[in-house]
Colleague: 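Sending over a structure as structure tokens; questions will come in a sec.
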2 protein chains.
Amino acid sequence: MSDFASTEQRLAVTCRRYPDFPRRPGVLVRLIKHIHMLLNDEANALLKPYGVNHPEYNLLMMLYGSASGTMSPSELADATGEKSANITRLTNELTDQGLISRNASADDRRKVELSLTPKGLALIESFLPDICGLLVRQGRHLAVAEQVQLEKLLKKFLSGLAD
Amino acid sequence: MSDFASTEQRLAVTCRRYPDFPRRPGVLVRLIKHIHMLLNDEANALLKPYGVNHPEYNLLMMLYGSASGTMSPSELADATGEKSANITRLTNELTDQGLISRNASADDRRKVELSLTPKGLALIESFLPDICGLLVRQGRHLAVAEQVQLEKLLKKFLSGLAD
DNA sequence: TATATATATTTTATAAATGTATTATCTGAA
DNA sequence: TTCAGATAATACATTTATAAAATATATATA
């Protein structure tokens, strides 16, 4: 999926064959899918030398961004969008790598508290410079005002989903 | 991943811990991921009664939107973003269901030409009303001018990726 | 208190996606 | 023409993700 022009061409054909097809939302949906894929690929490529993949990175960053420093598997599932069974597998791997630790919750014995180990924190701080560079580079074609505007519109778009 | 507020909260913590973190592109990336997931879920839920999943739907719609009516597996891989091995599997399933047909290409005997069968076309036209309704509903919080603006900004964002 | 129901996590089985190797065909340069 | 890549599609093995069931604990209510 190299350029977006062929996608627009196909949408034009679709609208010709089926005039009710809502072209504008259709373009938006395909743009989001296309961008999402590229973002994913670039992040994976960057992270590979650090020994983690994108889902594992996301999981680590959720813990890094949590106010308390610990999250339960179900909170992580909610935050990352992964299914809970997948969280079990991913946290197993991260635990095996010594990047996070598992502890039983004191107040609810069903719960498990996951937190970064010093090694996990060190890994995050080792890849963050690269990640920051990537994010800046990815957004470089947009002026700050445009980034603000895009954020606003995406949030509005989001508000029309799943309610 | 129900609401986006907790994501923003985590990004705020991240920026506090690591001040160089580029918050704005970071928000954009997470918004795209979040929206992509919701779009995917809604499409899957809608398509389930029709007996196809989202990747299969995408494949069918690429054929529907192709000017010639036929595409090769590698063109489909490029158009959908799926790996070619995955296209083989998906087209096997669609062929088994009688929705698409496979034919050897006349001018390049390495190639396979895939095209919709009447049954596949009928299926598409049976779910298109629902799909159109979904797309309209998904975009309903945005005025037309906002959709245009969002499309423009997403394309600009896209232009900063993978080059 | 006892019992039903709900929640949190993990296990197991299955499905989906990916990477790599293989086969067949094509293209271009020697 | 022939031979060395390049390209197209598929097969196979492995990894990754999902769904369904199992286990343990908590909560509500009768």
Side-chain angles (χ1 to χ4, degrees), chain A residues 1-2 33 36-38 40-45 47-48 51-60 62-63 68 70-97 100-115, chain B residues 1-2 33 36-38 40-45 47-48 51-59 62-63 70-97 100-115:
Chain A
M1 215 197 219
S2 38
K33 179 173 153 59
H36 179 261
M37 188 190 332
L38 292 175
N40 205 53
D41 289 351
E42 295 195 0
N44 264 318
L47 290 165
K48 185 160 231 168
V52 289
N53 58 26
H54 203 199
E56 290 165 341
Y57 161 81
N58 278 323
L59 219 143
L60 292 172
M62 295 302 146
L63 287 173
S68 69
T70 78
M71 292 175 80
S72 67
S74 48
E75 286 170 330
L76 274 175
D78 188 57
T80 62
E82 303 284 347
K83 300 285 180 287
S84 64
N86 210 22
I87 296 290
T88 299
R89 180 178 59 83
L90 291 166
T91 54
N92 281 341
E93 289 164 8
L94 292 172
T95 304
D96 291 348
Q97 292 182 258
I100 66 174
S101 66
R102 252 187 246 262
N103 291 290
S105 164
D107 49 303
D108 184 338
R109 294 198 301 173
R110 293 171 302 180
K111 283 195 182 172
V112 170
E113 285 175 353
L114 299 161
S115 48
Chain B
M1 216 199 220
S2 37
K33 178 173 154 60
H36 180 261
M37 187 189 332
L38 291 174
N40 205 55
D41 289 351
E42 294 195 1
N44 264 319
L47 291 164
K48 186 160 228 167
V52 289
N53 57 27
H54 202 201
E56 290 165 341
Y57 160 82
N58 278 323
L59 218 145
M62 296 302 147
L63 287 173
T70 77
M71 292 175 81
S72 67
S74 47
E75 286 170 331
L76 274 175
D78 188 56
T80 60
E82 303 282 348
K83 300 283 178 291
S84 63
N86 211 21
I87 296 291
T88 299
R89 180 179 58 84
L90 290 166
T91 55
N92 279 342
E93 289 164 8
L94 292 172
T95 304
D96 291 348
Q97 291 182 259
I100 66 173
S101 67
R102 251 188 246 259
N103 291 291
S105 165
D107 49 302
D108 186 338
R109 294 197 300 172
R110 292 170 304 179
K111 282 195 182 174
V112 170
E113 285 175 353
L114 300 160
S115 48

Colleague: Could you state the atom-to-atom distance from CG of N86(A) to P of dT15(D) in whole Å?
Modeller: 15 Å
Colleague: Which listed nucleotide (dA9(D), dT11(C), dG19(C)) is nearest to the side chain of V112(B)?
Modeller: dA9(D)
Colleague: Closest heavy-atom contact between L76(A) and M62(A)?
Modeller: CD2-CB, 3.6 Å
Colleague: To the nearest 0.5 angstrom, please state how far the CG atom of L59(A) sits from the CD atom of E93(A).
Modeller: 10.0 Å
Colleague: Could you state the atom-to-atom distance from NZ of K83(B) to C1' of dT16(D) in whole Å?
Modeller: 14 Å
Colleague: So D108(B), base contact, sugar-phosphate only, or nothing? Heavy-atom distance under 4.0 Å.
Modeller: sugar-phosphate
Colleague: For residues N103(B) and S115(B), report the shortest heavy-atom separation together with the two atoms involved.
Modeller: ND2-OG, 4.4 Å
Colleague: Return the value, rounded to whole Å, for the distance between atom CG of D107(A) and atom C1' of dA8(C).
Modeller: 13 Å
Colleague: Report yes if the side chains of N58(A) and E82(A) come closer than 4.5 Å at any heavy-atom pair, otherwise no.
Modeller: no
Colleague: Determine to 10° how strongly the helix from dT1(C)-dA30(D) to dA30(C)-dT1(D) is bent, judged from the axes of its five-pair ends.
Modeller: 10°
Colleague: Which listed nucleotide (dA17(C), dA8(D), dT18(D)) is nearest to the side chain of K111(B)?
Modeller: dA8(D)
Colleague: Whole-Å distance between dA11(D) P and I87(B) CD1?
Modeller: 15 Å
Colleague: Using only heavy-atom distances, decide whether a donor-acceptor pair under 3.5 angstrom links the side-chain of R109(A) to the base of dT25(D).
Modeller: no
Colleague: Starting at atom CE of M37(A), determine the distance to atom C1' of dA17(C), rounded to an integer number of angstrom.
Modeller: 14 Å
Colleague: Which nucleotide wins on minimum distance to the side chain of R110(A), given the candidates dA11(D), dT7(C), dA19(D)?
Modeller: dT7(C)
Colleague: Expressed as a whole number of angstroms, how long is the span from L114(A):CG to dA8(C):P?
Modeller: 14 Å
Colleague: For the pair made of CG in N53(A) and P in dT18(C), what is the distance, rounded to whole Å?
Modeller: 13 Å
Colleague: Looking only at side chains, do N92(B) and R89(B) share a donor and an acceptor under 3.5 Å apart?
Modeller: no
Colleague: Does S74(A) reach a base, just sugar-phosphate, or nothing at all? Heavy atoms under 4.0 Å.
Modeller: sugar-phosphate
Colleague: Answer whether the closest heavy-atom distance between the side chains of E56(A) and L47(A) falls below 4.5 Å.
Modeller: no
Colleague: Whole angstrom is fine here: how far is it from CZ in R89(B) over to C1' in dT16(D)?
Modeller: 12 Å
Colleague: Should T80(A) and I87(A) be marked as a side-chain contact (heavy atoms from CB on, under 4.5 Å) after you check the CA-CA gap, both sets of side-chain angles, and the distance that decides it?
Modeller: CA-CA 9 Å; T80(A) 62; I87(A) 296 290; 3.8 Å; yes
